[in-house]
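Beneath this line is the structure, given in structure tokens, with notes to follow.
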Number of protein chains: 2
Amino acid sequence: MSEQQPSLDEQIAIYQREYRDLDPRVEKVVNALSRLDRRMNVAYGRQLATLDLGSAEWEVLKELVMVGEPYQLWPGSIARRLGLTPAAMTHRIDRMLAQGLVTRERDPDNRVRVIIGLTDTGREKWLQVMRRASVFEEELLQDLSGDERVQLGDLLTRLLRRVEHAQPDAGGRLTDLD
Amino acid sequence: MSEQQPSLDEQIAIYQREYRDLDPRVEKVVNALSRLDRRMNVAYGRQLATLDLGSAEWEVLKELVMVGEPYQLWPGSIARRLGLTPAAMTHRIDRMLAQGLVTRERDPDNRVRVIIGLTDTGREKWLQVMRRASVFEEELLQDLSGDERVQLGDLLTRLLRRVEHAQPDAGGRLTDLD
DNA sequence: TGTGTACTCTTCAACATTGAAATTTAGCTT
DNA sequence: AAGCTAAATTTCAATGTTGAAGAGTACACA
């Protein structure tokens with residue numbers, strides 16, 4: 001009935017008691033990953049709050065910067081990348097328009113489509129967030145040597161490959177997102 | 001204006017163009033982590049759906065199993081662990097009660113408090129999910145040797161330590177969650 | 001040229017989460 | 001023992017997301 005979360009090793013020990021066939025090495029990786037991501041998001045969330053930005057807006061900003069010049073994307077494409085419904089995008093963009101972070105105009109090539117563009121204000125906001133985020137990220141990796149950072153990046157990239165280029169062929173159980 | 005997400009390396013290259021001081025090794029780790037977590041959650045979400053379970057319910061189930069016997073927790077404690085408001089917990093538990101996954105009773109020691117307990121149905125549900133999840137997880141780590149799995153687990157654990165035992169003393173920017 | 005089909009975005013109602021106020025209880029202080 | 005403060009949960013109104021339906025546009029094919 002403890003108030004605080006058990007340590008990762010405690011968690012895995014209990015999981016194994018519940019389900020003997022579980023591989024503790026695999027569980028350690030997977031659960032550490034998910035714990036880390038939660039912590040990172042809490043940290044980002046706090047920094048965003050000090051910049052009057054919600055994490056919803058931040059996600060969209062990131063996608064727009066991520067495509068590079070000229071910082072344009074269709075709403076549906078953003079929605080798919082973020083795993084949201086198009087309806088949610090409509091509303092997010094409404095809000096971001098009001099804050100001057102993005103523009104919305106009809107696509108001349110296909111008038112059903114809409115083009116979302118990043119404003120200078122939006123790009124500046126992205127930069128402000130990244131400046132703070134990079135301080136946190138550096139702190140997070142503090143204990144790792146240069147070699148270890150590269151090693152970790154490589155291992156994670158190899159996992160990512162499995163899951164980002166997953167063809168759902170051959171009874172594949174892996175996820176496709178786009 | 002591409003339809004699909006840029007690769008991790010493309011993403012980082014663009015980030016660096018926007019913000020020169022960014023350390024690509026750090027960015028690679030952090031962004032790979034966050035991409036992986038998103039993919040994993042999509043995969044889990046699909047498996048949960050086939051078991052008529054929402055990810056909200058799954059999160060609560062996990063916390064209850066994670067504390068071990070006798071599988072009891074206060075609503076506020078669950079809320080803090082999951083980063084939710086107490087109000088959200090009230091509603092989640094309402095739903096889970098209706099599905100017979102948990103019980104809710106007053107704490108005899110402090111009648112303001114409430115004790116949420118796992119039912120046998122709930123524990124069985126957890127097991128069903130884990131049986132499927134472990135297949136996916138094994139597939140995810142497929143390309144890593146036994147040594148590499150341990151190595152990855154260790155590196156991630158070291159990051160986690162930085163962030164889970166963070167005292168916000170000394171101007172610390174790291175997050176505290178509980 | 002006309003029709004059908006597919007696609008994109010928006011609108012709408014239902015549901016989940018949030019933040020704040022309200023309620024109830026415990027524990028401390030005097 | 002009374003009153004004050006702090007804590008846990010629930011209730012309520014407001015906001016965000018979802019799924020489905022609707023409106024508009026492009027493309028293929030007859």
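Proteins get letters first, then strands, A, B, ... in listed order; numbering begins at 1 in each.
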Regarding the side chain of Pro75(B), the nearest nucleotide among dT17(D), dT9(D), dT10(C) is dT9(D)
Rounded to whole Å, the CD1-C1' distance (Ile78(B) to dT9(D)) equals 13 Å
From the candidates dC12(C), dT10(C), dT17(C), the one with an atom nearest any side-chain atom of Arg95(B) is dT17(C)
Among the nucleotides dT11(D), dT18(D), dG19(C), whichever has the atom closest to the side chain of Thr85(A) is dT18(D)
Atom CE of Met89(B) and atom P of dT18(C) are separated, to the nearest Å, by 11 Å
Atom NE2 of His91(A) and atom P of dG19(D) are separated, to the nearest Å, by 13 Å
query: Does one side chain, of Arg161(A) or Thr157(A), offer a donor that lies under 3.5 Å from an acceptor on the other?
result: no
Leu84(B) has its side chain closest, among dT17(D), dT10(D), dT18(C), to dT18(C)
Separation of dG16(D) atom C1' from Ile93(A) atom CD1, nearest Å, is 15 Å
* Please determine if a side-chain N or O atom of Thr90(B) lies less than 4.0 Å away from the OP1 or OP2 oxygen of dT9(D). => no
In whole angstroms, the gap separating P of dG16(D) from CD of Glu57(A) amounts to 8 Å
The answer to which of Arg92(A) and Ile115(B) contacts DNA chain D further toward the 5' end, by nearest nucleotide, is Ile115(B)
Under a 4.0 Å heavy-atom cutoff, the residues of residues 99-113 of chain B touching DNA chain D are Arg104(B), Val112(B), Arg113(B)
In whole angstroms, the gap separating P of dA16(C) from CG of Leu53(B) amounts to 13 Å
(Q) Heavy atoms only, 4.0 Å cut-off, all strands: where does Pro86(A) land among base, sugar-phosphate and nothing? (A) base
task = For Arg35(A) and Gln11(A), test the side chains for any donor-to-acceptor distance below 3.5 angstrom and give the result as yes or no.
result = yes
Ile116(A) CD1 to dC9(C) P, in whole Å, measures 8 Å
- Taking atom CG of Asp94(B) as the centre, report whether more than 12 heavy atoms of other residues, nucleotides or ligands fall under 6.0 Å from it. yes
Worksheet item: For Glu59(B) and Arg92(B), what are the C-alpha separation, side-chain angles and deciding distance, and is it a salt bridge (Lys or Arg N to Asp or Glu O under 4.0 Å)?
Response: CA-CA 10 Å; Glu59(B) 285 185 338; Arg92(B) 281 196 184 186; 2.9 Å; yes
Under a 4.0 Å threshold between the charged nitrogen and the carboxylate oxygen, would Arg17(B) count as salt-bridged to Glu10(B)? no
Trp126(B)/Tyr15(A) aromatic ring centres below 6.0 Å = yes
Is the closest side-chain donor-acceptor distance between Glu27(B) and Tyr19(B) under 3.5 Å? no
